[in-house]
Amino acid sequence: MSAKLIKGTEIREEILEEITKEVAEIKDKHGVVPGLVTILIGENPASMSYVTLKIKTAHRVGFTEVQDSQPEDISEADLLALIDKYNNDDSINGILVQLPLPKQVDEKKILNAIDPDKDVDGFHPVNVGRLMIGGDEVKFPPCTPAGIQEMIVRAGVETSGAEVVVVGRSNIVGKPIANMMLQKGPGANSTVTIVHTRTKDLAGHCQRADILIVAAGVPGLVKPEWIKPGSCVIDVGVNRIGMNEKTGKAILRGDVDFDAAKEIAGSITPVPGGVGPMTITMLMKNTLKSLKFKLGLA
Ligand code: GUN
């Protein structure tokens, strides 16, 4: 048996179409479009390419987009002042500070300075708390977990009562996706287990999973015998394992042994082209949502 592929590249197109349509409708009725600012510090090549893609996508769906590039040696005070400027700019609905930040800047201080109502990354403690409470309280779910949940739902996988096992306990993926899947509501209502580097029987837990979400950052960690036949496997790993000499592009591997796993799982996300494209897509969704909250439409 070969698993159904859950393609982030296809789901992205569906969602971006939906967003583009909604942006045009809001522009018609209210005369405004969502505004997104991305703040990029220094010249980290991976960060530069992420930010370029974010800006390109924002432009495609009809947002106003501002790219604010700052030097690697910016002081913490100057960066805080910049955030304050955008917090008070009415045309900006979403503020994204691209991580990682240089050493002289305290990441926690910076993320905490962003107005929670413009925190489209969902990293501010207020939004983390809102996510924990769940239901109507949630404003901006963090983008990668929101993308994972959207993929599971759009693939038609039953989540209610399902055993969900999350491999990895990061603040950006593991903890929030576990929290989202256990909430009351559609696309959730699951029984959730989080496993991590200190877990005694990783394989045993994974073997129980109807939905296995792997965000460990270890290429090929999940072996085919860990996978329950017919289950849904979401691979969040994006591991650079080498360079393609001809194209000059990085060779990417997930956290799951994909070729073997696809013969056992019922559905599975590929790497690349699985969860990856969903993060920026959900950033667009959160930025649109931010404007809708402001206009009283959400
Ligand atoms: N760096 C890598 N991923 C992300 C992300 O999702 N948001 C931000 N702000 N920085 C990142």
Side-chain angles (χ1 to χ4, degrees), residues 8 12 15 34-58 63 65-70 72 74 76 79-80 82-83 86-87 92-103 105-128 131 139-151 168-177 179-180 213 215-217 234-240 250 252 254-255 271-272 274-290:
R12 167 183 63 193
I15 297 174
L36 173 68
V37 60
T38 46
I39 301 174
L40 172 68
I41 316 295
E43 293 178 357
N44 174 323
S47 292
M48 284 169 76
S49 91
Y50 281 133
V51 165
T52 304
L53 203 53
K54 284 170 187 177
I55 288 294
K56 223 170 110 183
T57 311
F63 293 0
E65 85 305 298
V66 179
Q67 196 201 320
D68 194 329
S69 295
Q70 295 291 329
E72 181 77 26
I74 188 171
E76 189 176 275
L79 186 50
L80 287 169
L82 193 65
I83 290 169
Y86 290 117
N87 279 343
I92 295 296
N93 305 103
I95 302 171
L96 182 136
V97 179
Q98 187 65 29
L99 305 177
L101 294 173
K103 284 186 292 296
V105 177
D106 179 347
E107 182 178 300
K108 214 192 280 178
K109 241 191 214 170
I110 298 303
L111 295 181
N112 289 3
I114 298 172
D115 178 347
D117 291 343
K118 296 188 179 187
D119 168 39
V120 286
D121 254 331
F123 293 164
H124 191 288
V126 166
N127 285 317
V128 176
L131 190 80
K139 281 205 153 179
F140 305 118
C143 302
T144 302
I148 293 169
Q149 191 177 36
E150 193 80 38
M151 294 179 99
R169 53 179 159 176
S170 70
N171 288 329
I172 293 186
V173 183
K175 283 191 229 170
I177 190 61
N179 184 28
M180 289 161 80
I213 302 170
I234 306 287
D235 189 350
V236 193
V238 185
N239 305 292
R240 289 175 165 78
L252 302 180
D255 289 350
V271 177
V275 175
M278 296 300 293
T279 302
I280 291 179
T281 306
M282 301 316 283
L283 175 71
M284 299 304 134
K285 199 156 177 176
N286 275 350
T287 307
L288 171 59
K289 235 171 146 186
S290 178

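Every number for a ligand or one of its atoms is a count from 1 in the order of the listing.
Heavy-atom contacts of Val97 reach the following atoms of ligand 1: 8 (C), 9 (N) (cutoff under 4.0 Å). Remark: ligand 1 atoms within the under-4.0 Å shell around heavy atoms of Leu96 are 9 (N).
Heavy-atom minimum distance, Asp117 versus Ser290: O-OG, 3.2 Å.
Of the protein's non-hydrogen atoms, the one nearest atom 10 (N) of ligand 1 is Leu99 N, 3.0 Å. Atom 2 (C) of ligand 1 has Gln98 NE2, 3.8 Å as its closest protein atom, hydrogens excluded (heavy atom only). For atom 8 (C) of ligand 1, the closest non-hydrogen atom of the protein is Asp121 OD2, 3.4 Å.
Inter-residue side-chain proximity for Pro277 and Pro272 is flagged as unmet; no heavy-atom pair is nearer than 4.5 Å.
Residue Ile55 holds its CD1 atom at 5.0 Å from CD of Glu65, rounded to the nearest 0.5 Å. Here NZ of Lys285 is found 5.5 Å from CD1 of Ile15. Values are rounded to the nearest 0.5 Å.
The N/O atoms of Thr279, backbone and side chain alike, include none that comes under 3.5 Å of an N/O atom in ligand 1. On a distance-only criterion, Pro100 and ligand 1 share no N/O pair closer than 3.5 Å.
Side-chain atoms of Lys54 do not come within 3.5 Å of backbone N or O of Leu36 as any donor-acceptor pair.
Using a 4.0 Å cut-off between heavy atoms, Thr144 makes no contact with ligand 1 at all.
For the side chain to side chain contact (heavy atoms under 4.5 Å, CB included) test with Ile95, the passing option among Asp119, Thr38, Val120, Ile114 is Ile114; the others fail.
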